[in-house]
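Each residue takes its place number in the sequence, starting with 1. Counting convention: from 1, in listed order, for ligands and their atoms alike.
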Amino acid sequence: MTNIIIFWHRRDLRLSDNIGLSKAYQKSSKLVGLFCLDPNILQRDDIAPARVNYMLGCLRNLQESYQKLGGQLLIFQGQPTKIIPEVAKSLKVNCVIWNNDVEPYSKERDKQVKEALQEKGITSETYWDQLLHAPGEILTKSNNDPYKVYTPFWRSWVKEDKANIAESIEKLDSLSDEEINTVKNIGLIDLPTAKDLGYGWDIPLLLELGETAAKEQLHYFCNSTIYSYQEQRNFPAIDGTSKLSPAFKFGVIGIREVWQTTIEAYENTRSDEARENIQTWQQEIAWREFYQHCLYFFPELAEGPYREEFQDFPWDNNEDHFQAWCEGKTGYPIVDAAMRQLNETGWMHNRCRMIVASFLTKDLMINWQWGEKYFMQKLIDGDLSANNGGWQWSASSGMDPKPLRIFNPASQAQKYDPDGEYIRLWVPEISSLDTEYLVTGKIPPLEAHSCGYPQPIVDHKHQQREFKERYKQIKN
Ligand SMILES: Cc1cc2nc3c(=O)[nH]c(=O)nc-3n(C[C@H](O)[C@H](O)[C@H](O)COP(=O)(O)OP(=O)(O)OC[C@H]3O[C@@H](n4cnc5c(N)ncnc54)[C@H](O)[C@@H]3O)c2cc1C
């Protein structure tokens with residue numbers, strides 16, 4: 001009789017270029033995929049409906065892919081620490097395999113699952129899959145310490161050889177009905193819809209569901225937009241970025257395949273300029289890895305500011321201001337456009353994420369953790385390491401202590417939305433006003449009033465001075 005092997009999917013909702021899955025397949029073609037809907041995650045108060053919809057849609061797609069190969073992806077609901085060992089025992093498997101993650105919760109959960117399996121005499125194997133370089137592979141030359149600053153991290157990271165695409169899995173042997181019956185009482189369910197779980201979402205998602213769609217998007221991007229990425233990525237009205245972030249978040253695309261595709265794009269051009277553009281995109285892939293390494297080595301980042309002096313920052317934390325920011329009603333058109341894009345689509349352009357994060361922390365002087373949580377409640381790509389990294393960078397509380405950055409919303413809009421196209425799209429009530437008013441934010445009160453648009457809730461110049469004063473105090 002062929003031994004059954006379990007592969008536990010988590011942030012790797014795909015069959016191709018999946019290291020742990022390939023290793024499992026090498027051991028046995030009677031490989032069953034398992035996914036556990038974990039209440040510790042799904043019942044948190046920072047879950048975004050768009051994200052749950054994307055995840056469940058990709059799971060459905062993955063289930064179909066398993067079926068096409070003759071196998072099964074079983075869905076369970078409950079505590080993974082209980083379910084995984086019980087299912088493994090009932091199916092009499094002797095090995096469970098999964099890919100590692102960097103988040104503090106996942107690390108602790110995985111440790112407990114490993115121990116519970118061990119107690120039942122079942123082995124487990126884990127692999128690094130979601131990163132081109134696992135934590136510990138990129139360390140400072142001087143002390144073998146994790147990097148805390150991005151640029152030297154990037155220089156070391158880019159020099160290292162990258163792994164090849166993992167071997168594909170082909171034909172699978174399915175479980176018998178009898179075998180399935182043995183796990184029915186352990187929380188086996190039919191895959192629910194997001195609505196069933198209370199996360200209805202009727203708007204088209206940023207990216208189509210599943211592995212094939214993510215690959216198509218990657219190839220489309222690497223055959224076209226990537227060649228002008230460096231310039232265009234900063235303009236929110238232009239479709240100049242890959243829009244692959246949800247696929248990265250849930251591992252719907254393999255990172256080695258992504259890298260390989262950028263190398264092909266590089267080799268397909270002789271233009272130095274085009275090559276620079278490709279490298280700029282590769283640098284974003286390295287930012288993603290940098291923040292994951294940071295979270296892995298410094299899990300305290302998830303709890304609060306990395307720089308201790310920020311523990312005592314005298315935030316204003318004005319609830320009305322926070323509400324206005326969330327709803328896109330601050331009277332600063334570029335900020336409001338961005339927040340409405342987030343609320344309406346579950347995604348926000350990177351330039352705008354930086355603008356609204358600076359505005360919340362430096363203009364409204366609201367604790368960045370409020371913004372971090374709000375983003376997680378809305379983003380389709382919401383990811384602890386990237387989100388926390390982005391927020392701490394914007395708040396100046398993180399590990400990359402550059403001189404204090406304060407974004408001026410008007411200069412940002414003048415530079416990156418010079419025709420007010422993005423503002424007009426997302427703040428339609430002011431779309432007929434002069435571009436000058438939109439980008440400077442200086443809308444005459446009467447005109448603003450007749451459009452039903454609010455006056456600025458704070459004065460940028462005043463707040464900027466005030467923030468610098470408070471910052472000086474905490475630094476002393
Ligand atoms: C305050 C703030 C919060 C953010 N929150 C998240 C988040 O929750 N999840 C998330 O994936 N990204 C986050 N980012 C980073 C970035 O805004 C998004 O990754 C990007 O906008 C996604 O769009 P894209 O896929 O078209 O990106 P592209 O420009 O095509 O970049 C390709 C990929 O590189 C990675 N990447 C790009 N920029 C960054 C970055 N600064 N940090 C880490 N990874 C990056 C992403 O995986 C992205 O999909 C945040 C940035 C800021 C300033």
- Of the listed options Val258, Asn350, Val356, closest to atom 51 (C) of ligand 1 (non-hydrogen atoms):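 Answer by nearest heavy atom: Asn350.
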- Heavy-atom nearest option to atom 42 (N) of ligand 1, drawn from Tyr291, Trp368, Phe221: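 Heavy atom nearest to atom 42 (N) of ligand 1 belongs to Tyr291.
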- Message: So, 4.0 Å and heavy atoms of Arg233: is ligand 1 close enough to count as a contact?
- Response: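 Under 4.0 Å: no for Arg233.
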- Message: Test your reading of the structure: does Ser394 have an N or O sitting under 3.5 Å from an N or O of ligand 1?
- Response: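 Checking ligand 1 against Ser394, no N or O pair falls under 3.5 Å apart.
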- Message: Applying ring-ring contact (aromatic ring centres under 6.0 Å, His included), can you list everything that pairs with Phe235, at least two apart in sequence or on another chain?
- Response: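 Per chain and number, Phe235 pairs via ring-ring contact (aromatic ring centres under 6.0 Å, His included) with Tyr416.
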Just to confirm my output: which protein heavy-atom neighbour is closest to [atom], and how far is it?
atom                    : result
atom 29 (O) of ligand 1 : Tyr229 OH, 2.5 Å
atom 12 (N) of ligand 1 : Ala386 CB, 3.6 Å
atom 46 (C) of ligand 1 : Phe248 CD1, 4.3 Å
atom 24 (P) of ligand 1 : Lys243 N, 3.6 Å
atom 9 (N) of ligand 1  : Asp381 O, 2.9 Å
atom 3 (C) of ligand 1  : Asn387 OD1, 3.3 Å
atom 30 (O) of ligand 1 : Ser242 OG, 2.6 Å
atom 14 (N) of ligand 1 : Arg353 NH1, 3.6 Å

Show me which atoms of ligand 1 lie under 4.0 Å from any heavy atom of [X].
X      : value
Glu284 : 31 (O), 34 (O), 35 (C), 36 (N), 37 (C), 38 (N), 39 (C), 45 (C)
Trp281 : 28 (P), 30 (O), 31 (O), 32 (C)
Trp347 : 22 (C), 23 (O), 26 (O)
Gly382 : 8 (O)
Asp383 : 7 (C), 8 (O), 9 (N)

- Message: Could you check whether Arg340 pairs with Glu429 (Lys NZ or Arg NE/NH1/NH2 to Asp/Glu carboxylate O, under 4.0 Å)?
- Response: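 Salt bridge between Arg340 and Glu429, a charged N being under 4.0 Å from a carboxylate O: yes.
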- Task: Give a yes/no verdict on a cation-pi contact between Lys107 and Tyr296, requiring under 6.0 Å between NZ or CZ and the six-membered ring centre and an angle within 45° of the axis.
- Result: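 Ring-cation test returns yes.
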How about [X] and [Y]: does a side-chain donor come under 3.5 Å of a side-chain acceptor?
X      : Y      : value
Gln112 : Thr81  : no
Asp129 : Asn100 : no
Tyr422 : Gln341 : yes
Tyr374 : Glu372 : no

- Task: Tell me, yes or no, whether the heavy-atom count around Glu273 atom CD, taken from other residues, nucleotides or ligands under 6.0 Å, exceeds 12.
- Result: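 For Glu273, atom CD is not crowded (no more than 12 foreign heavy atoms under 6.0 Å).
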- Mark yes when over 12 heavy atoms from residues, nucleotides or ligands other than Gln311 sit less than 6.0 Å from its CD; otherwise mark no.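 Yes.
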- Item | Any donor-acceptor pair under 3.5 Å from Asp17 side chain to Ile165 backbone |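 Judged by distance alone, no pair lies under 3.5 Å.
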- Query: Do the ring planes of Phe7 and His9 sit parallel (below 30°), tilted (30 to 60°) or perpendicular (above 60°)?
  - Reply: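 It falls in the perpendicular class, over 60°.
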